[in-house]
Amino acid sequence: MQNITPFEAQVYIEIEFANMTHTGNVANNRNVTLFVKDEVCRRQKKNLAPTAMGGELLDAFGIAIAELPASKLVLFKEQSHRGRVIVASKHHVSEIVDLPDEERAAFLDDVNHVAKALHEAFHPDKINYGAYGDDGHHLHFHLCPKYRNGFEWKTVFAMNPDRVYLDASQYRELAQAIIQHL
């Protein structure tokens, strides 16, 4: 796969019951290729995803939607917080201190870039950041948009509130809203 600049993202959107490919332009003339779920895309996604963030583990809680310079962007399936995502390092490390300075800076740039996209797409009052993983040993940040007087406002967000799941078209809309601001 080609190297991806900070201004481009190779995007993988998982859509139930779809098997077509569509290529289009998004904001600021950034070319983004949208791949819907077909066997070729499934293989590509599994080959590109880091070991801890690909395949069945990823499918259990998220949908890979973009590859950034130092990370993968995953839409969290449980959407009690509209726009919640995970930014997962491409490097299989447990701690941010395990990354060399340049790679750590690139990863944090990705987190910042995604946070800006979430603010532009959904206008949250605040984004909460979580870097958990006592049992999981792959560096990732949860970016959880919070809305004044909304669910869990002024509290720590639950890892999985298990309240709000969407259909395929709704996940696609959320993914596209985020992607157009990357």
Side-chain angles (χ1 to χ4, degrees), residues 4 6-9 11-14 26-28 30 32 49-50 52-53 57-58 60-91 93-99 101 103-182:
I4 296 176
F7 307 104
E8 299 175 317
V11 180
Y12 300 92
I13 298 176
E14 188 169 338
V26 294
N28 300 325
R30 280 177 253 138
V32 177
M53 292 301 296
L57 179 59
L58 171 64
F61 66 85
I63 302 165
I65 62 170
E67 183 174 340
L68 302 170
S71 64
K72 304 285 183 178
L73 179 59
V74 178
L75 182 64
F76 203 68
K77 284 184 180 176
E78 204 293 328
Q79 283 289 308
S80 290
H81 300 282
R82 182 172 167 78
R84 182 174 173 180
V85 296
I86 296 169
V87 179
S89 175
K90 287 182 181 177
H91 299 281
V93 297
S94 181
E95 301 286 335
I96 198 162
V97 298
D98 295 334
L99 290 173
D101 291 347
E103 291 170 8
R104 181 175 51 254
F107 176 70
L108 291 174
D109 282 348
D110 284 358
V111 171
N112 183 63
H113 190 69
V114 171
K116 286 180 179 181
L118 293 175
H119 275 289
E120 291 174 18
F122 305 115
H123 310 287
D125 294 297
K126 178 73 173 96
I127 293 179
N128 287 184
Y129 302 83
Y132 307 114
D134 294 342
D135 291 329
H137 299 287
H138 189 93
L139 177 63
H140 63 284
F141 275 52
H142 292 258
L143 278 65
C144 185
K146 301 283 280 290
Y147 303 90
R148 192 172 310 280
N149 300 319
F151 180 64
E152 295 182 324
W153 180 250
K154 292 190 175 184
T155 64
V156 176
F157 63 90
M159 187 52 57
N160 184 0
D162 203 22
R163 296 175 60 242
V164 177
Y165 293 91
L166 309 176
D167 65 32
S169 66
Q170 292 170 312
Y171 286 124
R172 181 179 177 181
E173 284 178 27
L174 282 179
Q176 288 175 333
I178 295 165
I179 289 161
Q180 75 179 2
H181 293 290
L182 288 177

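Residues take their numbers from the sequence shown, with the count starting at 1. Values below: every heavy atom of this structure, side chains too, minus hydrogens, waters and symmetry copies. Computed from a predicted structure; not experimentally measured.
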Query - Student check: side-chain heavy atoms of His91 and Phe107 closer than 4.5 Å - result: no

Query raised in the report: Quick one: are the ring centres of Phe122 and Tyr147 less than 6.0 Å apart?
Result: no

**Report entry** Expected output: side-chain His181 to main-chain Leu118 donor-acceptor under 3.5 Å
**Finding:** no

Query - Taking every non-hydrogen atom, the tightest pair across Glu103 and Leu99 - result: OE1-CD2, 4.0 Å

Query raised in the report: Hey, what do you get for NZ (Lys126) to NZ (Lys154), rounding to the nearest 0.5 Å?
Result: 13.5 Å

Query - Thr155 side chain to Glu152 backbone, donor-acceptor under 3.5 Å - result: yes

**Report entry** Value rounded to 0.5 Å, distance of CG in Asp167 from CD in Glu173
**Finding:** 8.5 Å

Query raised in the report: Side-chain contact, heavy-atom cut-off 4.5 Å: His119 with Pro124?
Result: yes

Query raised in the report: Between Phe157 and His81, how do the two ring planes meet: parallel, tilted or perpendicular, split at 30° and 60°?
Result: perpendicular

Requested in this report: Assess whether side chain to side chain contact (heavy atoms under 4.5 Å, CB included) is satisfied between Leu73 and Ile179, documenting all intermediate values.
Outcome: CA-CA 10 Å; Leu73 179 59; Ile179 289 161; 6.0 Å; no

Query raised in the report: Is there a side-chain contact between Trp153 and Asp125 (heavy atoms, below 4.5 Å)?
Result: yes

Query raised in the report: Has the side chain of Tyr165 got a donor or acceptor atom that lies under 3.5 Å from a matching backbone atom of Lys77?
Result: no

Requested in this report: Check whether any side-chain heavy atom of Ile127 sits under 4.5 Å from a side-chain heavy atom of Lys146, and report yes or no.
Outcome: no

**Report entry** Ion pair Glu67/Lys90, N-O distance below 4.0 Å
**Finding:** yes

Query raised in the report: Do Asp109 and Leu68 have side-chain heavy atoms sitting under 4.5 Å apart?
Result: no

**Report entry** Backbone of Val93 reached by a side-chain donor or acceptor of Asp98 within 3.5 Å
**Finding:** no

Query raised in the report: Are any non-hydrogen side-chain atoms of Arg84 and Cys144 less than 4.5 angstrom apart?
Result: yes

Query - Plane angle bin for Phe61 and Phe76 - parallel if under 30°, tilted between 30 and 60°, otherwise perpendicular - result: tilted

Query raised in the report: Do the side chain of Glu120 and the main chain of Ala117 share a donor and acceptor less than 3.5 angstrom apart?
Result: no

Report summary line: What one should report as the nearest heavy-atom pair of Ala177 and Gln180 is O-CG, 3.4 Å

